[in-house]
Amino acid sequence: MTPPAWQWVAFTLTALAGLSAQPTPAHAAHATTCPAVQQHLAKTNVSYKLIFDQHPSDFIEVRQVTRIELPEQQWSRADDLTLSTDSLKYREATRCLLHEERKTHEKGGDRRPEWQSTGSPATKEGDLVTAQYESWNLINGPGEFEVGPWKIAVQPDKDWKATLHSPDALSGASRKTVEIDPGGMEISDAPEATSANKSSRVWIAQHPDTEATIVPPQHPIPALSRHNPWIGALGVVSWWVCASFVIALSAWPFFRRKTDDTPENAPTGILATTVLQWAALSAALGLTLLLLFPPSPSSNRWRALIGISSGLALVLLARPWLPLARDSDENQKGLRRRTLVVATSSTAATIGLLVIVAPHLFGLPPSLMPTSPPPSAGIAALALLDMSILWLWFSAMAAWAWRFTREGRLGRPSSANEPDHRLRHMVAIGVTLAAVTAVVVACYLLAFELTWERVNWAGEASTFFGHDHRSALSQQLVQFSSTGPTWAYAYTWVLSGIALVALLHSSARANPKKSLGPEGGDLLLVAGIFAIAVALRGTKFAGSSSEIYGLWLPLNMGALYATVRAGRRWSVLGRVNREAANCVVAELSSRTGHRRLMEDARRCRDLLHRLHLVDNGRAEKSTRPDLEEQLRVLHRWRPMRCDRDCLPDPVSVVDVALSWGPGRHWWNNALIAARWASVFGIFPSMVTAWYTYAYDVEHWTFTLNSPTGIPDMVGKFLTQEISFAGAGLVLGALWRVLPGERGPVRAFYLFIAWLAPIGMVAALHHSIDRRELALAILNVVLMLMVLTLTSMWMDTETFSRERHYWTKRLSLLASIYQVHGLSGQVAFLLLQAGAAVTIWRQIIAK
């Protein structure tokens with residue numbers, strides 16, 4: 001049973017304040033004396049059932065039901081089983097009957113304790129008490145999973161051993177039935193069953209111990225499919241190294257330009273230098289945190305030291321105090337900001353280093369791993385150590401994000417007359433990050449408390465952890481101080497995406513050359529953003545073979561390059577520009593030329609609408625020949641410096657306007673598309689985060705019991721949002737070079753570039769389970785829906801000056817696409833929604 005939430009809050013505050021001197025009653029071991037069950041249990045029957053359930057994620061749920069029919073006179077505490085399941089007497093009676101006489105297990109990191117199900121109290125008919133005990137567990141990796149009297153031994157690439165050990169108190173009882181339901185899996189080895197079918201095996205009157213061998217499911221659980229844990233670690237490192245290489249490769253062309261004397265290229269060269277520094281730091285940190293010191297009790301102190309020093313170094317190297325301009329006033333303000341940053345970060349680092357260097361001041365051993373109950377000051381010191389490390393890392397990420405944003409000139413430029421509130425903003429950001437850090441550490445403490453209470457339900461918490469509550473809590477805090485930086489580092493890919501976006505924006509500002517889309521170094525930046533920020537969603541699917549992690553980035557970049565190369569040739573503006581001898585870009589980049597095109601496009605839509613009315617006999621003042629002649633005149637559209645008509649037969653001025661997009665520059669199109677994609681991606685991001693971490697009670701319980709479960713759920717939502725926004729930015733940047741007359745067609749071609757590497761991995765990796773494939777397809781459909789909606793709204797943004805003529809955006813969309821075109825796009829969108837719903841129903845089907 002889970003204590004109320006206020007107990008967790010009270011415990012957290014007490015531990016951090018160092019006020020707790022004794023373990024709370026909830027943490028104390030059970031001291032109840034269990035009366036012995038009479039030796040002759042001829043009338044006592046016990047039934048055991050073990051059920052496996054394949055969840056549509058990285059879990060296999062296993063549940064057990066133990067049903068006991070016990071005569072009241074054979075046990076003095078039998079009546080306690082009929083009390084409420086929340087009562088102390090019921091828990092003590094159940095523990096005595098099922099757990100008290102069980103053999104003591106040695107402490108081991110591979111033991112996975114069970115969760116107790118909220119069941120009903122026992123029933124009593126005459127002198128016969130019938131009790132039912134239910135519990136469950138989630139198999140998500142190797143180890144020994146406990147569920148009631150059953151133990152499931154799970155090892156990589158081996159069959160699972162399910163062993164039934166009868167509780168000592170019930171060793172003399174008669175077994176009524178023993179049943180195993182493999183849930184679609186197979187039982188390869190077991191005693192001869194009394195009855196068997198495809199779904200279950202049932203035994204009657206077996207020996208006290210029964211063992212069965214379960215064949216694992218066809219779809220491999222990622223943690224079980226690795227022959228060597230180093231292979232998985234090397235796969236992750238290869239991804240980070242390749243990501244750093246992509247960042248450096250994208251920034252190198254701009255770094256070479258920094259020697260130019262032109263003021264336009266100077267900011268881009270400075271930012272390129274910063275991005276190259278970050279690429280080197282990112283690769284070095286990945287190698288250090290993931291390979292140099294593997295997690296172990298002996299290296300926890302050194303890993304914590306590396307976490308503090310690397311976090312402090314990252315903050316100082318980011319130099320968030322740099323002035324915005326070179327003058328005496330700005331230099332003075334920059335000095336104050338530097339003093340604030342250095343003093344604050346040094347103080348946080350000093351607090352953590354004091355715990356590491358002088359643990360005896362807080363009653364901790366030199367290894368920081370107490371084997372006896374530490375004082376309250378020791379627990380508070382370890383909590384502050386965790387908070388100092390995480391705060392430094394969070395501050396470093398914020399500082400580097402601000403550095404990229406400032407040097408890339410993202411956001412609204414500040415006026416010279418506006419007051420500088422950066423010092424105030426720094427203080428606010430620091431306080432906010434401190435609050436976030438406290439929440440993350442509190443979630444870690446909550447996960448430990450829930451695990452302790454889960455194990456201590458049967459009075460085995462001290463046996464499981466190998467220590468009392470206070471010692472076990474201290475050891476968990478020490479472990480988090482060494483693993484926290486690795487967890488925070490996993491989210492630094494966001495900084496890589498911000499760096500590439502800032503560099504792309506700076507390059508677009510420095511080189512306002514009119515073009516249909518990004519070229520050369522700019523196109524390389526777009527490909528890098530696509531691979532790091534957008535295609536990141538496919539790494540889990542590709543990660544079923546961890547050795548290809550490093551190839552994931554070049555695969556996606558190659559797919560995008562192939563799409564752009566084909567698109568430039570077959571896109572609307574590409575064909576028109578060839579006919580007009582490259583005069584279209586110059587024409588549409590000017591205000592006069594663009595205004596003339598939009599007026600012609602609006603007139604063309606009006607004529608097409610009137611032509612539709614004539615065909616239906618609803619327009620009396622117009623004749624079809626007159627309307628056709630006016631359309632032919634509009635079709636002879638030519639730029640100002642072009643000496644001939646440039647529109648191919650299937651292309652109209654409306655198509656040219658829609659292909660140009662709402663922005664004057666391709667970067668403006670990228671910003672507009674990114675904004676709308678992030679809006680349309682909110683709901684899919686929420687659904688994905690909910691499904692991954694809180695789909696049902698079991699998933700939510702597992703999330704609460706995970707050290708970083710709740711922060712990871714928030715991170716999952718933000719990751720999905722960044723992915724959708726990145727996809728929109730790439731779509732907008734390539735808007736003018738993608739094939740198609742309407743936005744949804746362009747979105748579909750970008751979607752193909754995103755899908756191609758996933759399809760390649762699926763074709764080469766034959767052991768992908770159907771549910772895993774269905775989940776990947778669902779993510780694919782959600783991405784297509786977001787891109788389709790974004791492209792349709794981009795088309796309405798193109799004719800945004802006409803919004804005052806229409807009461808609703810949908811009416812404007814109908815005017816742009818005409819009736820039949822809109823119905824086709826809506827049908828296409830509804831087809832995507834129907835596919836998503838169908839796949840979702842298949843995934844959640846039991």
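Nearest heavy atom pair, residue Tyr561 against residue Ala527, reads CE1-CB, 3.8 Å. When all heavy atoms are compared, the tightest approach of Pro757 to Asn556 is CG-OD1, 3.4 Å. Between Ala657 and Met598, the closest heavy-atom pair is CB-SD, 3.9 Å. Closest of all the heavy-atom pairs between Ser507 and Phe254 is OG-CE2, 3.2 Å. Ala753 approaches Thr563 most closely through the heavy-atom pair CB-OG1, 3.2 Å. The two atoms that bring Ala508 and Trp667 nearest to each other are CB-CB, 4.0 Å, heavy atoms only.
Side-chain atoms of Trp487 and Asp712 include a donor-acceptor pair closer than 3.5 Å. Looking only at atom types and distance, the side chain of Thr798 has no donor-acceptor partner in the side chain of Asp795 under 3.5 Å away. Of the N and O atoms on the side chains of Ser659 and Arg746, at least one donor lies less than 3.5 Å from an acceptor on the other residue.
Partner Thr692 forms a side-chain contact (heavy atoms from CB on, under 4.5 Å) with one of Gln720, Lys716, Met713, His699 and no other, that one being Lys716.
Put simply, the side chain of His505 gets close to the backbone of Arg409: a donor and an acceptor are under 3.5 Å apart.
Less than 6.0 angstrom separates the ring centroid of Trp278 from the ring centroid of Trp400.
Note: Trp793 and Phe680 have perpendicular aromatic rings, judged against thresholds of 30 and 60 degrees for the angle between ring planes.
With sequence neighbours left out, the salt bridge (Lys or Arg N to Asp or Glu O under 4.0 Å) criterion links Glu721 to no other residue. Residues forming a salt bridge (Lys or Arg N to Asp or Glu O under 4.0 Å) with Arg632 (at least two apart in sequence, or on another chain): Glu629.
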